Number of protein chains: 2
Amino acid sequence: MMERKVDLRQWLSGADNEFLPHISLDCVVFGFHDGALKILLLKMQNLDQLALPGGFMMREETLEEAAIRTLEERTGLENIFLQQFHVFSDPARNDSATRLEDLKKLGMHPAKLEWFAQRFISVGFYALVEFSRVRPKPDVLSESCDWYSLEERGKLVLDHDQILDTALATLRMQLNHQPVGYNLLPRKFTMPELQKLYETILDKKLDRRNFQRKMLSYGILNVLDEKRTGGAYKAPYLYSFHLRNYQKALRQGLEAGA
Amino acid sequence: MMERKVDLRQWLSGADNEFLPHISLDCVVFGFHDGALKILLLKMQNLDQLALPGGFMMREETLEEAAIRTLEERTGLENIFLQQFHVFSDPARNDSATRLEDLKKLGMHPAKLEWFAQRFISVGFYALVEFSRVRPKPDVLSESCDWYSLEERGKLVLDHDQILDTALATLRMQLNHQPVGYNLLPRKFTMPELQKLYETILDKKLDRRNFQRKMLSYGILNVLDEKRTGGAYKAPYLYSFHLRNYQKALRQGLEAGA
DNA sequence: CCAAAAGTGTTGTTTTTACACCCATGA
DNA sequence: TCATGGGTGTAAAAACAACACTTTTGG
């Protein structure tokens with residue numbers, strides 16, 4: 001996968017392409033920082049609204065490969081594990097009145113405009129990434145590629161608000177069945193940090209002790225001999241994920257792993 | 001929705017159409033009969049393998065509408081609630097060597113052959129239907145439309161085995177979170193019948209008393225005053241679903257309903 | 001020595017599981 | 001009257017929820 005990359009500028013100016021019509025994908029990338037859940041959004045040049053990083057599928061790749069490629073092209077994030085969660089197929093989802101105007105502002109070739117005016121279905125993907133390990137870089141079409149908290153994001157283009165909401169709902173549901181954190185935390189982390197992550201995603205407080213017991217019972221954590229020194233107050237232990245067990249739990253669900 | 005129907009024979013013979021390219025959908029329809037889970041499969045004319053009822057999306061409908069329409073066109077089943085569960089997008093999924101040969105046997109127009117030779121992604125839908133309330137009718141392309149048990153089905157066309165397996169896995173997962181049975185059982189049914197349904201889907205035995213307690217605790221059942229007479233042995237009570245609560249549980253999950 | 005965060009263990013409650021007895025019915 | 005399936009309750013086990021005290025650290 002990822003044999004080819006797409007020169008977006010050239011493509012927009014009218015160059016032919018290998019994209020399949022009618023099918024797009026959008027990526028909801030969750031990051032965690034400062035105790036808040038953030039999402040990665042693009043600000044397209046000359047446009048007001050923000051957008052999820054999305055793109056189109058090429059003839060010789062799977063949707064999953066297309067999502068990985070697209071995310072890299074549009075945000076610079078490499079090799080992110082993305083999970084499909086829903087197909088959005090309302091015919092009205094991308095025929096907003098302002099849309100063609102917006103695309104013109106991007107300097108799009110008229111032939112491409114027509115292509116874009118088609119009706120698209122979009123497959124939603126979501127990913128969890130470690131905030132600090134990643135340096136988002138906007139593509140040539142975008143002014144910026146940055147993290148936004150859920151509250152401050154404003155209205156997104158098209159139906160991207162709905163896609164985002166559905167992704168979040170899916171993430172919350174899966175939190176009880178799949179291990180979460182490997183992609184959202186530094187390699188070494190403390191239990192309170194992990195707990196904060198859960199509390200942020202679920203938007204509710206959890207009991208410290210019960211949380212710790214439950215996490216340890218899954219058998220997906222290594223207790224390290226170090227502690228996080230330097231911070232104020234008592235130094236917490238550091239943990240890392242037990243990769244083998246973590247991935248087994250990803251495949252089989254958390255219950256099976258005990 | 002369902003404003004238009006598609007004349008499949010005319011379409012295959014070369015008539016233009018309103019289908020979007022590159023996107024198809026396949027329906028996994030589960031029925032329950034004789035204590036076994038069955039699936040609805042089509043036997044296409046002159047072909048050996050069986051296939052899931054599937055089709056294509058038109059320009060002015062959602063995928064969900066397309067799934068409902070397709071299922072009706074191909075099997076005669078009307079107004080079935082279908083749930084999307086996964087997108088299958090391996091580029092190799094429909095370029096099997098024998099595929100074009102098969103399509104020729106169906107009397108397909110050469111122009112259509114080319115269209116079919118394209119690469120398609122397919123959105124999988126599944127549905128649960130009450131076996132006895134439904135009278136499958138094959139479409140003009142198919143010799144038969146019938147119920148098969150999971151074991152006796154043989155190898156299906158293309159990647160339909162994988163689609164079926166994924167649907168079953170999804171159904172099993174959702175069994176703990178969503179109410180099941182309204183579409184699979186007669187309007188009045190006994191607790192042992194409902195239990196048998198669960199046991200069949202999960203492929204394991206459940207405890208009679210615990211099952212009953214749990215089901216009743218969800219508050220989605222009405223106990224009727226009648227019993228199922230005529231059968232051998234002690235007459236069991238009849239139940240029906242409490243529609244309001246059932247649908248609330250469908251939307252919000254079973255946990256919220258207690 | 002105080003405030004704030006982190007470590008740890010216990011207890012009561014709820015949920016789940018396992019299990020046994022009686023009843024109705026047709027053969 | 002007996003074999004079979006259906007109705008019901010209870011007790012043990014497990015999971016979960018609530019909760020308090022001690023330790024470390026920087027100020």
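What you are looking at is a predicted structure, and each value in this text was computed from that prediction instead of being measured.
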- Message: Filter on salt bridge (charged side-chain N to carboxylate O under 4.0 Å, His left out), then keep only pairs touching residues 164-184 of chain A, sequence neighbours left out; what's left?
- Response: R153(A)-D165(A)
- Message: Tell me every residue that passes side-chain hydrogen bond (donor to acceptor under 3.5 Å, both in side chains) with Q162(A), counting only those two or more places apart in sequence or in another chain.
- Response: none
- Under the salt bridge (Lys or Arg N to Asp or Glu O under 4.0 Å) rule, collect the residues that match up with D90(A), sequence neighbours excluded. none
- Item | Along DNA chain D, first and last positions that approach a heavy atom of chain B under 4.0 Å | dT4(D) to dT10(D)
- Message: Once side-chain hydrogen bond (donor to acceptor under 3.5 Å, both in side chains) is applied, do any residues pair with R251(B), and if so which ones, sequence neighbours excluded?
- Response: none
- Under the side-chain hydrogen bond (donor to acceptor under 3.5 Å, both in side chains) test, which residues partner S149(B), sequence neighbours left out? E151(B)
- Item | Separation of dT17(C) C1' from K204(B) NZ (nearest whole Å) | 12 Å
- Please, which pairs that meet ring pair (Phe, Tyr, Trp, His ring centres under 6.0 Å) have at least one residue in residues 142-166 of chain A, sequence neighbours excluded? F131(A)-W147(A)
- salt bridge (Lys or Arg N to Asp or Glu O under 4.0 Å) against R228(A), all qualifying residues, sequence neighbours excluded: E193(A)
- Task: Heavy atoms under 4.0 Å is the rule here; annotate nucleotides 19-27 of chain C 5' to 3' with B where the base is hit, S where only the sugar-phosphate is, and - elsewhere.
- Result: BB--BBBS-
- Atom CD of Q212(A) and atom C1' of dG9(C) are separated, to the nearest Å, by 12 Å
- Note on the structure: Sorted by number, residues from residues 184-203 of chain B placing a heavy atom under 4.0 Å from DNA chain C are none
- Message: Could you work out, with ring-ring contact (aromatic ring centres under 6.0 Å, His included) as the rule, every residue matching Y182(A), not counting sequence neighbours?
- Response: Y246(A)
- Message: Rounded to the nearest 0.5 Å, what separates atom NZ in K227(B) from atom OG1 in T190(B)?
- Response: 12.0 Å
- Taking side-chain hydrogen bond (donor to acceptor under 3.5 Å, both in side chains) as the test, write out the residues that go with E226(A), two or more places apart. K188(A)
- Nearest-angstrom distance from the residue atom CG of L206(B) to C1' of dT16(C): 13 Å
